[in-house]
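For reference, the structure I am asking about is given below.
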Amino acid sequence: MTEKILVTGALGQIGSELTLALREIYGVENVLSTDIQDPANVEDPNYETLDVMNAEQIASVVEKHEITIVYHLAAMLSATAEKFPKKGWDLNMDSLLTFLELAKDKKINQLYWPSSIAIFGPETPKINTDQNALTIPSTVYGISKRAGELWCQYYHEKFGVDVRSIRYPGLISWKTRPGGGTTDYAVDIFYQALEEGKYECFLSENSALPMMYMDDAIRATIELMQADPTKLSVRTSYNLHSLSFTPAELAAEIQKHLPDFEISYNPDFRQAIADSWPASIDDSVAQKDWNWKYEFDLAKMTETMLANLKEKLA
Ligand code: NAD
Ligand code: AKB
């Protein structure tokens with residue numbers, strides 16, 4: 001049977017790249033991209049407007065297109081959700097429950113929903129944070145992601161729903177800019193380095209955070225969704241490790257290519273969010289269950305970002 005795939009939040013940082021990767025596998029006609037934008041503003045041969053706060057609209061799109069698999073990416077990220085806590089909670093939670101209910105009622109066969117390193121909190125050990133480390137998040141975003149993870153596990157255990165999830169670290173990409181996250185500096189810095197030759201960072205120089213290049217994140221997502229279900233021991237969400245660096249370390253790596261690049265620091269409210277998150281992640285469970293391994297280290301990621309952005313901005 002040909003899978004029919006729905007991606008929500010498909011115009012975002014991850015969705016724009018995941019949709020293309022899924023279309024390589026399943027074909028353009030079998031991967032429907034959706035977001036809240038009007039189709040008139042979107043150049044995509046298989047796009048529809050879908051507000052994930054509208055459960056009836058979701059059910060009707062799923063039925064009309066005979067959707068079998070959903071990648072539910074639409075959400076409000078950490079920094080924006082701190083400004084609009086109730087809206088962030090409603091968007092992140094209500095929409096997930098709508099898709100879990102559809103999966104429970106066998107309207108779809110499989111659901112992917114991303115969690116985040118934001119589920120960890122200030123009391124969690126910061127270095128090589130374990131899969132089962134303490135999760136007492138201090139942000140609305142983190143609370144919504146942790147609650148979402150537990151809902152995923154509940155629907156899997158009670159109703160046999162095949163829902164899979166990864167706790168993404170901060171994702172670094174050049175095709176689509178990130179929106180509203182605390183790790184966004186690690187993308188902004190590349191644009192500013194190439195356009196202005198300098199960057200004022202909103203985190204302090206020694207704020208180490210877990211990060212990952214987008215190609216690794218997309219590959220991980222598809223590998224997890226294609227993994228043998230009997231091998232998956234985690235139905236909350238998998239820890240994933242790739243990079244861990246501070247703004248100063250990233251700036252030093254960029255300076256190897258752009259020696260005149262200058263960085264300064266002016267931490268804002270996002271510093272407190274970053275301070276509550278781990279610096280690095282232990283992903284041994286993902287390695288064991290579905291052979292996860294990252295490919296992009298700091299040097300390769302930096303080189304790839306600069307080369308692609310130089311071309312894009314030319
Ligand atoms: P993004 O902000 O770039 O994109 C989110 C998309 O959702 C946007 O295109 C937005 O228009 C859309 N959207 C917002 N409200 C909507 C609604 N009511 N209906 C339909 N669409 C709506 O986010 P992203 O970085 O691509 O993240 C995707 C998912 O991955 C989110 O769940 C996020 O929490 C998670 N995640 C991302 C990162 C990261 O570094 N990018 C890290 C950890 C987890
Ligand atoms: C954010 O900073 O909010 C995201 C995330 C790590 O979940 N990039």
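Each ligand, and each atom within it, is numbered from 1 in the order the structure gives.
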If every non-hydrogen atom of P178 is compared with every non-hydrogen atom of D184, which pair is closest and at what distance?
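Closest approach of P178 to D184: CB-OD1, 3.5 Å.
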
Against L91, only a single residue in T80, D51, V52, L96 fulfils side chain to side chain contact (heavy atoms under 4.5 Å, CB included); can you say which?
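Result for side chain to side chain contact (heavy atoms under 4.5 Å, CB included) with L91: V52.
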
Nearest protein heavy atom to atom 9 (O) of ligand 1, by residue and atom, and its distance?
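Answer for atom 9 (O) of ligand 1: D35 OD2, 2.7 Å.
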
Side chain, backbone, both or neither: which part of P169 has a heavy atom under 4.0 Å from ligand 1?
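Backbone only; the side chain of P169 stays clear of ligand 1.
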
Do any nitrogen or oxygen atoms of L171 come within less than 3.5 Å of a nitrogen or oxygen of ligand 1?
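Yes, there is a polar N/O contact under 3.5 Å.
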
Ligand 2 N/O within reach of W277 N/O, cut-off under 3.5 Å
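Between W277 and ligand 2, no N or O pair is found under 3.5 Å apart.
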
Counting non-hydrogen protein atoms only, what is the nearest one to atom 5 (C) of ligand 1? Give residue, atom name and distance.
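That would be A75 O, 4.2 Å.
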
Side chains of E101 and Y155, donor plus acceptor under 3.5 Å:
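Present: a donor and an acceptor within the cut-off.
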
Minimum side-chain heavy-atom gap Q153-V234 below 4.5 Å:
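Not in contact.
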
For atom 14 (C) of ligand 1, what's the nearest protein heavy atom and its distance?
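Here the nearest protein heavy atom works out to I36 CD1, 3.9 Å.
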
Would you say the side chains of N109 and T68 form a donor-acceptor pair under 3.5 Å?
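No.
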
So do R235 and D162 actually touch side chain to side chain, heavy atoms under 4.5 Å?
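Yes; the side chains approach each other to less than 4.5 Å.
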
At under 4.0 Å between heavy atoms, which part of P178 makes contact with ligand 1: side chain, backbone, both or neither?
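Neither part.
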
Distance filter under 4.0 Å to G9 heavy atoms, resulting ligand 1 atoms
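Numbered from 1, ligand 1 contributes 6 (C), 7 (O), 12 (C).
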
Got a sec, which pairs hit salt bridge (charged side-chain N to carboxylate O under 4.0 Å, His left out) with one end in residues 15-24, sequence neighbours left out?
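Checked against salt bridge (charged side-chain N to carboxylate O under 4.0 Å, His left out) - neighbours excluded - the pairs reaching residues 15-24 are E17-K175, R23-D44.
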
Geometry only, no angles: is Y141 polar-contacting ligand 2 at N/O separations under 3.5 Å?
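Yes.
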
Give the atoms of ligand 1, by number and element, whose distance to some non-hydrogen atom of S116 is under 4.0 Å.
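Contacts of ligand 1 toward S116, numbered from 1: 43 (C), 44 (C).
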
Are L77 and ligand 1 in contact, using a heavy-atom cut-off of under 4.0 Å?
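So L77 counts as touching ligand 1.
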
The one among S115, P114, S16, G181 that brings a heavy atom closest to atom 44 (C) of ligand 1:
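It is S115 whose heavy atom sits nearest to atom 44 (C) of ligand 1.
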
Return the option from G142, P114, S116, A75 holding the heavy atom at the smallest distance from atom 5 (C) of ligand 2.
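Nearest heavy atom to atom 5 (C) of ligand 2 lies in S116.
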
Are P267 and F202 packed together at the side-chain level, in the sense that at least one heavy-atom pair is separated by less than 4.5 angstrom?
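Sidechains of F202 and P267: no contact.
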
Quick one: does V52 get an N or O within less than 3.5 Å of an N or O on ligand 1?
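N/O-N/O distance under 3.5 Å: yes.
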
Which of the ligand 1 atoms, numbered from 1, are nearer than 4.0 Å to a heavy atom of L50
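Once the distances to L50 are compared, the set is 19 (N), 20 (C).
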
May I ask you to identify the nearest protein heavy atom to atom 34 (O) of ligand 1, giving residue, atom name and distance to one decimal place in Å?
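Atom 34 (O) of ligand 1 sits closest to the protein heavy atom Y141 OH, 2.6 Å.
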
Return the residue, atom name and 0.1 Å-rounded distance of the protein heavy atom closest to atom 3 (O) of ligand 1.
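Going atom by atom, the protein heavy atom closest to atom 3 (O) of ligand 1 ends up being Q13 N, 2.8 Å.
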
Student check: side-chain heavy atoms of I14 and L171 closer than 4.5 Å:
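Touching, per the 4.5 Å side-chain cut-off.
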
Looking only at protein heavy atoms, which one is nearest to atom 21 (N) of ligand 1, and how far off is it?
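The closest heavy atom on the protein side is A74 CB, 3.5 Å.
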
Do Y185 and S207 meet the criterion of a side-chain donor-acceptor pair at a distance under 3.5 Å?
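Result is no, nothing qualifies.
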
Heavy-atom distance under 4.5 Å between the side chains of K87 and M76, does that happen here?
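Counting from C-beta outward, K87 and M76 do come under 4.5 Å.
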
With Y238 as reference, evaluate Y112, W290, W292 under the ring-ring contact (aromatic ring centres under 6.0 Å, His included) test and give the passing residue.
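It is W290, the one option of Y112, W290, W292 that forms the ring-ring contact (aromatic ring centres under 6.0 Å, His included) with Y238.
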
Tell me the nearest of L73, L96, N92, L91 to atom 29 (C) of ligand 1, using heavy-atom distances.
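Considering heavy atoms of L73, L96, N92, L91, the nearest to atom 29 (C) of ligand 1 sits in L73.
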
Looking only at protein heavy atoms, which one is nearest to atom 26 (O) of ligand 1, and what is the separation?
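That would be I14 N, 2.9 Å.
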
Do the non-hydrogen side-chain atoms of S165 and T236 ever get within less than 4.5 Å of each other?
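Of all side-chain heavy-atom pairs linking T236 with S165, none is under 4.5 Å.
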
What protein heavy atom sits nearest atom 4 (O) of ligand 1, and how far off is it?
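Here the closest protein heavy atom is G12 CA, 3.3 Å.
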
Could you tell me whether some N/O pair between S78 and ligand 2 is separated by less than 3.5 angstrom?
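Yes, at least one N or O pair falls under 3.5 Å.
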
Can you find a non-hydrogen atom of G170 under 4.0 Å from ligand 1?
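Under 4.0 Å: yes for G170.
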
Would you check if T19 and V31 make a side-chain contact, meaning some heavy-atom pair closer than 4.5 Å?
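Yes; the side chains approach each other to less than 4.5 Å.
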
D51-ligand 1 polar pair, N/O distance under 3.5 Å:
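Among all N and O atoms of D51, at least one is under 3.5 Å from an N or O of ligand 1.
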
How does K145 reach ligand 1, by side chain, by backbone, by both or by neither, if only non-hydrogen atoms under 4.0 Å count?
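It is the side chain that touches ligand 1; the backbone stays farther off.
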
Suppose I only count heavy atoms of G179 and a 4.0 Å limit; which atoms of ligand 1 are within that range?
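That gives atoms 2 (O) of ligand 1.
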
Which label fits H241 and Y294: parallel for a plane angle under 30°, tilted from 30 to 60°, or perpendicular past 60°?
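Perpendicular: the ring planes of H241 and Y294 meet at over 60°.
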
